[in-house]
Protein chains: 2
Amino acid sequence: MASLADVARLAGVSKATASRALSGAGEVSPSTRERVVSAAAELGFVASSTAASLVTGRTRNVGVVSPFVSRWYFSEVIEGVEEALIREGYDLTLFRVQEDPSRRQRVFDYFLVRKRVDAVITIAVALSPDEVAALRALGRPVVGVGGGIPGMSSLQIDDVAAARLATEHLLSLGHRHIVHLGGDQTEQMDFHIHSQRLAGFRQALAGAGIPPHDDFLATPLTIPGGFQVALDLLGDPRRRPTAIFAASDEIAIGAIMAAGRLGIRVPQELSVVGIDDHELSEMHGLTTVRQVPREQGELAVSLALEAMSAPAPETRDVALPITLVVRSSTAAPPERTTLPRESHGHVVRAGADLPDRDA
Amino acid sequence: MASLADVARLAGVSKATASRALSGAGEVSPSTRERVVSAAAELGFVASSTAASLVTGRTRNVGVVSPFVSRWYFSEVIEGVEEALIREGYDLTLFRVQEDPSRRQRVFDYFLVRKRVDAVITIAVALSPDEVAALRALGRPVVGVGGGIPGMSSLQIDDVAAARLATEHLLSLGHRHIVHLGGDQTEQMDFHIHSQRLAGFRQALAGAGIPPHDDFLATPLTIPGGFQVALDLLGDPRRRPTAIFAASDEIAIGAIMAAGRLGIRVPQELSVVGIDDHELSEMHGLTTVRQVPREQGELAVSLALEAMSAPAPETRDVALPITLVVRSSTAAPPERTTLPRESHGHVVRAGADLPDRDA
DNA sequence: GTGAAAGCGCTAACAT
DNA sequence: ATGTTAGCGCTTTCAC
């Protein structure tokens, strides 16, 4: 527990000089520097970041606020953030924030506020006006990954375009009966992502002259969630689409598993597209819109750090490029299911043509 | 940015009294307390944890060292730790540590050392003697989840017993040809877990009078890893076992997917057991030894906190109970594959009996 | 029950 | 290039 004073004494210099020699700030003659450095080494001196923070007001620590750590998108963003942060000499303090209002409030009013973080990065979390105010009151850069919040920098893919891209791919293959398995709009941690993906989906449909219909199912953004909802959907021959656009790869994979359970072959009888491009997506042969969460995390750190040194911390919104990764989960729709929509409700034989999965 | 002095002034008391009133330490008359509290509220005062730490030496922050954040086991332990920590009013600082030696050193010699953490929790990370020394030098409680390190408290399931349990289940079903898909012993973040699971596996085999043979395959602890290794193994009729014991559910699920790819039916033609019990395991009908990582995380926090207040920070090793969760992925071995082992190499027709998966 | 004062360990003017 | 001085914002003896 050697202190700077100990080091200074051993090196025969003042604390100020010792501090300068060790931190690299200010001019120190090479010889003194060396004396100080070796004295520090001898004593096993490590600067107390607490003391340094108290005087400088900087903590070299950034807070990351995320609703999950285990879901793909979130864990990868976190890994990206961590990577970039440690490279820059920053710690990462993790705050998991879910719906529970009392816990949320605790995080925003107590934990984040204690002058412990130099910046905050939020990951796809929908903030209430109060929460935004609390964050802004920190007087520190705040950047949101996965969606924009008024008054703070943000970083995301263009979710409308991503959804449109996915849907147009399906349309171009000839699909006319596509269902969107997407996030529940009312979920607290929504964040417009869900609604934007739905909007892009509908835009593409409208562009192809397909009138709005019963084409959206609120789905938990997990593999089991996608599985369950798809099982219901695909199990009913009358509702069964030829293609599914899922809001996340987890949903998409759940849907593929459901199809497998029902004996529906992918992609011959059902095309599936998701958004993310996790390693499992590759294994499932899932067609997906790639969104590189890791890079989003790293970029968020750049934005935050940049804002810290900027004179006027102007907010910036950055959109990352997207690409469609076509794998084996999409194909032209099977002939038999391209019956005119109108027939679905009336002509029972249209459904009966399909293998009956209800049994 | 109101300071304690501001609050004290507004309340008409000294800083000392204000501090006592706000922190709850020491006796303060109810009326003064109320005056101070409302003054604090009026000013939006939040104590600077930095300043408090400087004087108390406590940071209300614990460091978590983990090689991954995205793998099941790790992310769930982290969520458990986070949950318990925030409940107790602690922050969680995350350090991801992988093989890269320079990064590791940075974490241990620079980040963790700066008097920033009251305790450290490591998650299944194999520490070098130097690293253990560095941690111990902190003079703070260190608890290891997922394996024991000499000189620090630890928390884990009994990995030998878990592996034995899984293997004995397979043996009791009549399997004689079981292969263990387990972690590479040489991997840096091993931690004896892999070797203990292998040991338990071999113990069970020995107990059943099955001589050691070519029964272990080093496998990355991921779904793609399990998939790839199982694909090779199962694709060769001569090597194909009737059962697989996987060191993790991720491997196990990869193996099930590989079987699916090869047209091998689970469990009729192949039994699979893993360790973990993630929600996906349930979906795959995977038989597994349950290890509740979330609880491991919460318990680690209790241990750490307890050690902080203990006069003599004695180390404790705690083993969590395990249970075998039997789902549909295990069954008695098919008749045709119970040929005597000796025939595998010589009687080509024994292999030819099986569907040829090489093509 | 409350106040005065000391100081945690460092950095940042300001001198020299 | 180096030393002196003054705090950063709290908690905690020690008096009263």
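Each chain gets a letter, A, B and so on, in the order the sequences are listed, and its residues count up from 1. Predicted, not measured: the structure shown is a model, and the values here were computed from it.
- Residue A:Val13 places its side chain closer to D:dG3 than to any other of C:dT11, C:dG9, D:dG3.
- Residue B:Ser14 places at least one side-chain N or O closer than 4.0 Å to OP1 or OP2 of C:dG3.
- With respect to B:Glu306 and B:Arg316, a salt bridge is recorded, a charged nitrogen being found less than 4.0 Å from a carboxylate O.
- As a whole-Å value, the separation of B:Leu22 CG from D:dT12 P is 14 Å.
- For A:Gln291 and A:Tyr73, the side-chain atoms include no donor-acceptor pair closer than 3.5 Å.
- A salt bridge is absent between B:Glu76 and A:Arg71: the closest approach of a Lys/Arg side-chain nitrogen to an acidic carboxylate oxygen does not fall below 4.0 angstrom.
- Side-chain contact of B:Ser14 with B:Thr17: a donor-acceptor pair under 3.5 Å is present, judged by distance alone.
- Atom CZ of B:Arg9 is separated from atom C1' of C:dG3 by 15 Å (rounded to the nearest Å).
- Rounded to a whole Å, the CG atom of B:Asp6 is 13 Å from the C1' atom of D:dC10.
- Each of B:Arg20 and B:Thr50 was matched to the nucleotide of DNA chain D holding its nearest heavy atom; the match closer to the 5' end belongs to B:Thr50.
- Of the charged side-chain nitrogens involved, at least one lies within less than 4.0 Å of a carboxylate oxygen, so that B:Glu298 and B:Arg87 count as a salt-bridged pair.
- Across the protein-nucleic acid pair, A:Arg58 atom CZ and D:dC8 atom C1' stand 15 Å apart, rounded to whole Å.
- Remark: P of C:dG7 and CG of A:Leu4 are 18 Å apart, rounded to the nearest angstrom.
- One finds a side-chain N or O of A:Thr17 lying less than 4.0 angstrom from the OP1 or OP2 phosphate oxygen of D:dG3.
- Projected onto DNA chain C by closest heavy-atom contact, B:Gly12 and B:Leu54 fall at different nucleotides, the more 5' of which corresponds to B:Gly12.
- Annotation: cation-pi pair B:Arg104/B:Phe108 absent, no NZ/CZ under 6.0 Å from the ring centroid and within 45° of its normal.
- Ion pairing between a basic and an acidic side chain is recognised when a charged N comes within 4.0 Å of a carboxylate O; B:Arg96 and A:Glu83 show such pairing.
- Listed by residue number, the members of residues 24-38 of chain B with any heavy atom below 4.0 angstrom from DNA chain D form an empty set.
- Going from atom CZ of A:Phe45 over to atom C1' of C:dG9 covers 8 Å, rounded to whole Å.
- For the pair A:Arg114 CZ and D:dG9 P, the interatomic distance rounds to 17 Å; values are reported in whole Å.
- Nucleotide D:dT5 holds its C1' atom 10 Å from the NZ atom of A:Lys15, rounded to whole Å.
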